[in-house]
Amino acid sequence: MTGAGNMMDAVEARDMGGPDMEAFKAAMSDMPAAVTVVTCLDLGEQPIGTTLSAVSSLSLAPPMMLACFDVGSNTLKALLPGVDFLIHVLAEGQEQIAYRMAGKGAQKFDALDWALGPRDLPQIAGCAAVIHCSVGQRVPGGDHVIVTGNVRRVTRSDAVPLVYHRRALFPIPMQSQEAAP
Ligand SMILES: Cc1cc2nc3c(=O)[nH]c(=O)nc-3n(C[C@H](O)[C@H](O)[C@H](O)COP(=O)(O)O)c2cc1C
């Protein structure tokens with residue numbers, strides 16, 4: 001079979017049924033991502049939050065972030081335009097926090113080391129970075145909603161960040177300044 005024939009097969013396969021979903025999911029798991037926990041207050045002013053890896057910087061001027069939420073997320077319900085929220089970049093040793101906050105229900109905050117942060121937002125201790133944002137837009141994207149965040153304040157520590165890669169959590173292998181090109 002020629003190269004053109006192969007390409008035609010791929011086009012026809014896509015037109016008939018879309019991409020191979022297992023291959024798509026595996027390719028997405030190949031992409032390392034920071035592990036974050038987004039927190040805010042729900043409509044009753046109670047702490048709410050979830051683990052997210054689909055979080056990214058969006059703009060420098062003005063400073064903006066984006067976060068992608070499944071439409072079924074309870075945290076998403078509270079993130080209406082103008083609402084303040086925190087993006088916590090989790091650090092080495094916070095793997096259990098990532099799994100706990102990926103559950104459902106208010107008990108997620110039990111046994112979690114958190115305190116009231118800016119605007120009385122629930123802030124988790126010991127993270128690599130905490131980015132305080134307020135919701136800009138909510139943009140539909142398939143079965144997810146992209147929430148943009150206008151960055152208000154950033155705090156950082158020297159803690160080693162966690163990454164999510166191939167469905168497992170790892171501390172980022174750190175390079176010394178001297179080893180960097
Ligand atoms: C490492 C990790 C990364 C995750 N990333 C996302 C994500 O980017 N977007 C999302 O909607 N859910 C993500 N989840 C799943 C949510 O944490 C999970 O659906 C959670 O129960 C939602 O909670 P909520 O309904 O209280 O908001 C992730 C889970 C884990 C463990």
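Just so you know, these numbers use all the heavy atoms, side chains as well, and skip hydrogens, waters and symmetry mates. All ligand and atom numbering here is 1-based and tracks the order in the structure. Worth saying up front: this structure is predicted, and the values here are computed from it rather than measured.
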> If you measure from atom 26 (O) of ligand 1 to every heavy atom of K104, K108, E95, K77, which option wins on shortest distance?
Replying inline: K108
> In terms of residue, atom name and distance, what is the protein heavy atom nearest to atom 8 (O) of ligand 1?
Replying inline: A54 N, 2.9 Å
> Hey, does A98 come in under 3.5 Å of ligand 1, counting only N/O atoms on both sides?
Replying inline: no
> Which residue supplies the protein heavy atom nearest to atom 20 (C) of ligand 1, what is that atom called, and how far is it?
Replying inline: A102 O, 3.2 Å
>> Determine whether a donor-acceptor pair (N or O, by modelled atom type, separation under 3.5 Å) exists between the side chain of T148 and the backbone of Q137.
In response: yes
>> Any nitrogen or oxygen of T75, side chain or backbone, less than 3.5 Å from one on ligand 1?
In response: yes
>> Could you check whether atom CG of L60 has more than 12 heavy atoms from other residues, nucleotides or ligands sitting under 6.0 Å from it?
In response: no
> What distance separates M31 CE from Y164 OH, expressed to the nearest 0.5 Å?
Replying inline: 13.5 Å
>> Assess the residue pair C40 and D42 against the criterion (side-chain contact (heavy atoms from CB on, under 4.5 Å)); give the C-alpha distance rounded to whole Å, side-chain angles, the decisive distance to 0.1 Å, and a yes or no.
In response: CA-CA 7 Å; C40 61; D42 69 12; over 6 Å; no
>> Looking only at protein heavy atoms, which one is nearest to atom 11 (O) of ligand 1, and what is the separation?
In response: D70 N, 2.7 Å
> Can you tell me which residue and heavy atom of the protein come closest to atom 5 (N) of ligand 1, and the distance to 0.1 Å?
Replying inline: S53 N, 2.9 Å
> Side chain of K108, backbone of T50: donor and acceptor closer than 3.5 Å?
Replying inline: no
>> For ligand 1, which is the ligand I care about here, please tell me if C68 has any N or O atom under 3.5 Å from one of the ligand's N or O atoms.
In response: yes
> Would you say H165's side chain and D30's backbone share a donor-acceptor pair under 3.5 angstrom?
Replying inline: yes
> Does the H88 side chain pair with the main chain of C127, one donor and one acceptor, at a distance under 3.5 Å?
Replying inline: no
>> Side chain or backbone, does G103 bring an N or O within less than 3.5 Å of an N or O on ligand 1?
In response: yes
> When you look at CZ of F24, are more than 12 heavy atoms from neighbouring residues, nucleotides or ligands closer to it than 6.0 Å?
Replying inline: no
> Can you tell me if CZ on R153 sees more than 12 non-hydrogen neighbours from other groups inside 6.0 Å?
Replying inline: no
> Which ligand 1 atoms are under 4.0 Å away from a heavy-atom of F69?
Replying inline: 11 (O)
> Counting both backbone and side chain atoms, is some N or O of M101 under 3.5 Å from an N or O of ligand 1?
Replying inline: no
>> Checking a contact table here: which protein heavy atom is nearest atom 10 (C) of ligand 1, and how many Å away?
In response: L52 CD2, 3.4 Å
> What is the distance from atom OG of S57 to atom CD1 of I87, rounded to the nearest 0.5 Å?
Replying inline: 10.0 Å
> Is there a donor-acceptor pair closer than 3.5 Å between any side-chain N or O of Q94 and the backbone N or O of A125?
Replying inline: yes
> Can you list the ligand 1 atoms lying under 4.0 Å from a non-hydrogen atom of Y164?
Replying inline: 1 (C)
> When you measure from atom 24 (P) of ligand 1 to every protein heavy atom, which one gives the shortest distance, and what is it?
Replying inline: N74 N, 3.5 Å
>> Checking a contact table here: which protein heavy atom is nearest atom 22 (C) of ligand 1, and how many Å away?
In response: T50 OG1, 3.1 Å
>> Considering non-hydrogen atoms of the protein only, which is the closest contact for atom 30 (C) of ligand 1, and what is the distance?
In response: T51 CG2, 3.8 Å
> Purely on distance, is any nitrogen or oxygen of S73 under 3.5 Å from one on ligand 1?
Replying inline: yes
